[in-house]
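Presented below is the structure to which this report refers.
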Amino acid sequence: MAEEQVKNQAPEQDIHQLLKVRREKLAALQAAGKDPFKITKYDQTHHTEEVKSLYVKHEEELLAGRKPVSTEGLSEEEAKEAVNNDYNERRAIMDASPIQVSIAGRMMSKRVMGKASFCNVQDKLGNIQVYVSRDALGEEPYAEFKKLDMGDIIGVKGYAFRTKMGEISVHAESLTLLSKSLQILPEKYHGLTNTDMRYRQRYVDLIMNEESKDTFIKRSKIISSIRRYLDGQGFMEVETPMLVANAGGAAARPFETHFNALDEDLKLRISLELYLKRLIVGGLERVFEIGRVFRNEGLDTRHNPEFTLMELYQAYTDYHGMMDLTENMFRHVAQEVLGTTKFMYGDVELDFGKPFERITMLDAVKKYAGVDFDSIATDEEAKAIAKEKHVEFEPHHKKGDILNLFFEEYCEEKMVQPTFVMDHPVEISPLTKRKPDKPDYVERFELFINGWEMCNAYSELNDPIDQRERFKAQDALADLGDEEANHTDEDFLNALELGMAPTGGIGYGIDRLTMLLTNSPAIRDVLLFPTLKTLS
C-alpha cells in the first residue's frame, strides 16, 4: 500500500503501515540484488549551492549581451509565444555547453507527473530541484524512482538548467538510491517543532530546520575565527587533562569518577586554568585551549553541565592588556562570522564596533544601587546595609562578598552593551593579583553583554606565598561545606615557586558567545547534543 493510500486511517495505524511499506520496499530491492546498503561510495562532484552559482556564472558568460525579450505592444498570446521562444533559444545555447554535475543528498519532496517528475535534493549547503523524466532515465529506472520515499538518500548525475519558472535545477540522466530511509520525516512545512524532540533527535532537527543547521555552521565558524585570531597574535593551542585529582580554577562543584586501573578517585575538570598556568611557568608565554569543562550544577537557559570554554594566558601583560585583546577578538569574530559588528539579539541591537565601556565594580554599585562601598569599613557595616537593601547573604560572607552580591542584584542586567566590570574584591578572586594601591581588590574584570557575564579575566596571581594563603581560605570554606570552593594544589604551588612571569589570562564560554551571534534564546539551541534527563 502506498503512503498516500493510508493517510485517512488512524494516526497510529498510519505510522505502522507506512513503516511496514518502507521495509517491504527495502526487502524487494534486496531480493532484486539492488540493496542500497551495499553501496560503499558515490562520486559527488558538486554541492547544491555550487551548482547554482556555477550555472549563474556560466549563464552570464554564454548569454552576455543578450537582451531580455520585449513584449511591449504584443497581444497576450503573442507575448506568451515570444517569452517561450526566448526561453527555448536561451535553453538551446546553454544545453549546447552543459555543466555536468553529480550531486548527492536527501530527497525532501517528490512530485510524480506521468512521464516526468520533480524532486528536491538537500545536502549540507542547501537544496536543489531535480527534473526526472522517463525518456532520460529509462523505463525501469524511472519506475524505481517513483517508488522512492521522502528521506531516501540519492545520487543524481546530469546537467544544470533553468526551468521556465526561472529555477535552476538538475536534469537527471541517472539516479542511484544510496540509502533507504526506514523512518518517516516530520511534515515538510512545519518541520520538527517539538522543542524537546529537537534536542533529543538533533539529527532530525538538522534535516528539517534550516535555521538550526545555520546556527551550528556559525558555531563552527566562531571557533575557527577565534583560532585564527589567536594564531595571528602568536598564541599556541594546547591540550590539558580532563581527568584530574584536584578540580580547581573556578567556583563550581565537580563531577567525580573512579579510575579502576589506578584504583583512584578522580574529578572531571571545571576549568582549564591551573594547567595552562603551568605552561606559562614552563616558558611557552602565550597559550590557549578550547575544550570541554564539566560542572555539576543546574540546568537553565544559560547553563549546561558540560560546555566549551576558551582560556588563554599571556606572559608579560596584565588585565588591561587582556581587555584590549578581548575587545579586539570579539569584534574580529563578529565581523568575520556575521559580516558586521552590529547585530540583533532579540529586540536589542548590540554593537561590537564601538569601544567597550570600562567601569569598576565599586563605581557600578555606586551608580546603580546608590551605595558607596568605599565608605563602608567593616564586614558588619556591609551586612547592615545589605539587610537594609534586602540583599540576601550568608553568615560567612565578608564585605567583598556582599559588594559582589549588590553588583549581581542591581547592576548585571544594566550591562547591555559590551562593558568591562573591573577591580573585583579579593574574597571572590582566589587566583588573581591584588591591586598594589588597593589590596582589598584585585586586577580582574568580567565582560558583560546583554546582562550576561561573558568573560572572566585577571592579572594572574604569581606570588606563591599569597596563593598558598588564598588556598587555605578556600580550604576553610570547603570545611564549612562549600562544595564550590577550591582546594590547595601543591603541584601548582610548586610551579609558582619556580617563578611565573607577570601574566594576563582570559576565560569565556563559546556557547554563550554563540547564543549572542546566532540570536539563540537558550544554550540548548547552540549545543548539538545538550544534557537532558533520560527518558524512561
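In this text the structure is predicted, and so the values were computed from the model without any measurement.
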Charged N to carboxylate O under 4.0 angstrom, Arg227 versus Asp231?
-> no

Where the side chain of Thr378 meets the backbone of Glu381, is there a donor-acceptor pair that is under 3.5 Å apart?
-> yes

Decide, yes or no, whether a salt bridge links Asp374 with Lys399 under the criterion of side-chain N to carboxylate O below 4.0 Å.
-> no

Distance in Å, Lys124 NZ paired with Leu206 CG, rounded so as to fall on 0.5 Å steps | 13.5 Å

Among Phe356, Tyr508, Phe407, the one residue meeting ring-ring contact (aromatic ring centres under 6.0 Å, His included) with Phe448 = Phe407

Within the side chain of His424, is there an N or O that forms a donor-acceptor pair under 3.5 Å with the backbone of Val421?
-> yes

Using salt bridge (Lys or Arg N to Asp or Glu O under 4.0 Å) as the criterion, point out the one residue from Lys277, Arg468, Arg470, Arg278 that pairs with Asp489.
-> Arg278

Please answer whether the main-chain N or O of Met197 pairs with a side-chain N or O of Asn194 as donor and acceptor at a distance below 3.5 Å.
-> yes

Quick one: do Asp123 and His47 satisfy side-chain hydrogen bond (donor to acceptor under 3.5 Å, both in side chains)? Show the steps, please.
-> CA-CA 7 Å; Asp123 61 20; His47 286 96; 4.9 Å; no

Are Met108 and Met208 close enough that some pair of their side-chain heavy atoms sits under 4.5 Å apart?
-> yes

Compare every heavy atom of Asp423 with every heavy atom of Met361, then report the nearest pair and how far apart it is.
-> CB-O, 4.0 Å

Residue pair Pro305 / Asn296, side-chain heavy-atom distance below 4.5 Å | no

Kindly indicate whether the side chain of Asp351, heavy atoms from C-beta on, has any atom under 4.5 Å from the side chain of Lys354.
-> yes

Expected output: side-chain Ser220 to main-chain Ile217 donor-acceptor under 3.5 Å = no

Going by distance alone, is a donor N or O of one side chain under 3.5 Å from an acceptor N or O of the other, for Asp482 and His396?
-> no

Residues Glu443 and Lys438 bridged, charged N to O under 4.0 Å | no

Under 3.5 Å donor-acceptor, Gln335 side chain and Gly339 backbone = yes

Flag side-chain contact, heavy atom, 4.5 Å: Leu230 against Met329 = yes

Side-chain donor-acceptor contact under 3.5 Å, Thr514 with Asp511 | no

With side chains defined as the heavy atoms from C-beta onward, is the minimum distance between Val333 and Tyr229 less than 4.5 Å?
-> no

Identify, with sequence neighbours excluded, every residue that meets ring-ring contact (aromatic ring centres under 6.0 Å, His included) alongside Phe406.
-> Phe373, Tyr410

Within 45° cone and under 6.0 Å: Lys52 NZ/CZ vs Tyr55 ring | no

Mind checking the CZ-OG spacing from Arg106 to Ser179? Nearest 0.5 Å is all I need.
-> 7.5 Å

What are the two closest heavy atoms between Ile402 and Ala386, and how far apart are they?
-> CG2-CB, 3.9 Å

Sub-3.5 Å donor-acceptor pair from the side chain of Asn486 to the main-chain atoms of Phe471, do we have one?
-> no

Only one of Arg228, Lys218, Lys221 clears salt bridge (Lys or Arg N to Asp or Glu O under 4.0 Å) with Glu336; which?
-> Arg228

Approximate separation, where rounding is to 0.5 Å, of Asn328 CG and Phe352 CZ | 12.5 Å

Is there a donor-acceptor pair closer than 3.5 Å between any side-chain N or O of Asn209 and the backbone N or O of Ser212?
-> no

Can the positive tip of Arg219 be found less than 6.0 Å from the middle of the six-membered ring of Phe216, inside 45° of the ring normal?
-> no

Roughly how far, to the nearest 0.5 Å, is CG of Asn404 from NE2 of His397?
-> 8.5 Å

Interatomic spacing from CE in Met500 to CD in Glu460 - rounded to 0.5 Å | 6.0 Å

Are any of the side-chain nitrogens in Asp318 or Lys433 under 4.0 Å away from the carboxylate oxygens of its partner?
-> no

Point-to-point distance, once rounded to the nearest 0.5 Å, from CG of Leu496 to CD1 of Ile465 = 11.0 Å

Taking atom types as modelled, find out whether Asn127 and Thr48 have a side-chain donor-acceptor pair closer than 3.5 angstrom.
-> no

Do any N or O atoms from the side chain of Ser520 and from the backbone of Ala522 form a donor-acceptor pair under 3.5 angstrom?
-> no

Least distance between heavy atoms, Leu461 atom then Pro430 atom | CD2-O, 4.1 Å

Any chance the side chains of Gln314 and Thr503 put a donor and an acceptor closer than 3.5 Å?
-> no

Do the ring centers of Phe255 and Phe294 come within less than 6.0 Å of each other?
-> no

Among side-chain atoms of Glu289 and Thr240, is any donor-acceptor pair under 3.5 angstrom?
-> yes

Charged N to carboxylate O below 4.0 Å: is that the case for Lys383 and Asp379?
-> no

Smallest heavy-atom separation, Pro439 atom then Arg434 atom, equals O-NH1, 2.9 Å

For residues His487 and Asn246, is any side-chain donor paired with an opposing acceptor at under 3.5 Å?
-> no

Note, Val244 side chain near Tyr275 side chain (heavy atom, < 4.5 Å) | yes

May I ask you to test the Thr326-Phe420 pair for a side-chain heavy-atom distance under 4.5 Å?
-> yes

In terms of side-chain heavy atoms, does Asp43 have a donor or acceptor partner in Ser102 at a distance below 3.5 Å?
-> no

Is it true that Asp401 and Lys398 have a side-chain N and a carboxylate O under 4.0 angstrom from each other?
-> no

Which heavy atom of Arg202 sits nearest a heavy atom of Pro530, and at what distance?
-> NH2-CD, 4.1 Å

Face-on cation placement of Arg444 at Tyr458 ring, 6.0 Å and 45° thresholds | no

Determine yes or no for a side-chain-to-main-chain donor-acceptor pair under 3.5 angstrom, with Thr419 supplying the side chain and Met415 the backbone.
-> no

Does the side chain of Glu311 come within less than 4.5 Å of Ser271's, by heavy atoms?
-> yes

Should we say atom OH of Tyr316 is surrounded by more than 12 heavy atoms from elsewhere, each under 6.0 Å from it?
-> no

Are Arg292 and Glu306 within salt-bridge range, i.e. N to O under 4.0 Å?
-> yes

Partner of Leu276 under side chain to side chain contact (heavy atoms under 4.5 Å, CB included), chosen from Leu274, Ile280, Leu272 | Leu272

For Thr215 against Asp525, the heavy-atom pair lying closest together = CG2-O, 3.7 Å

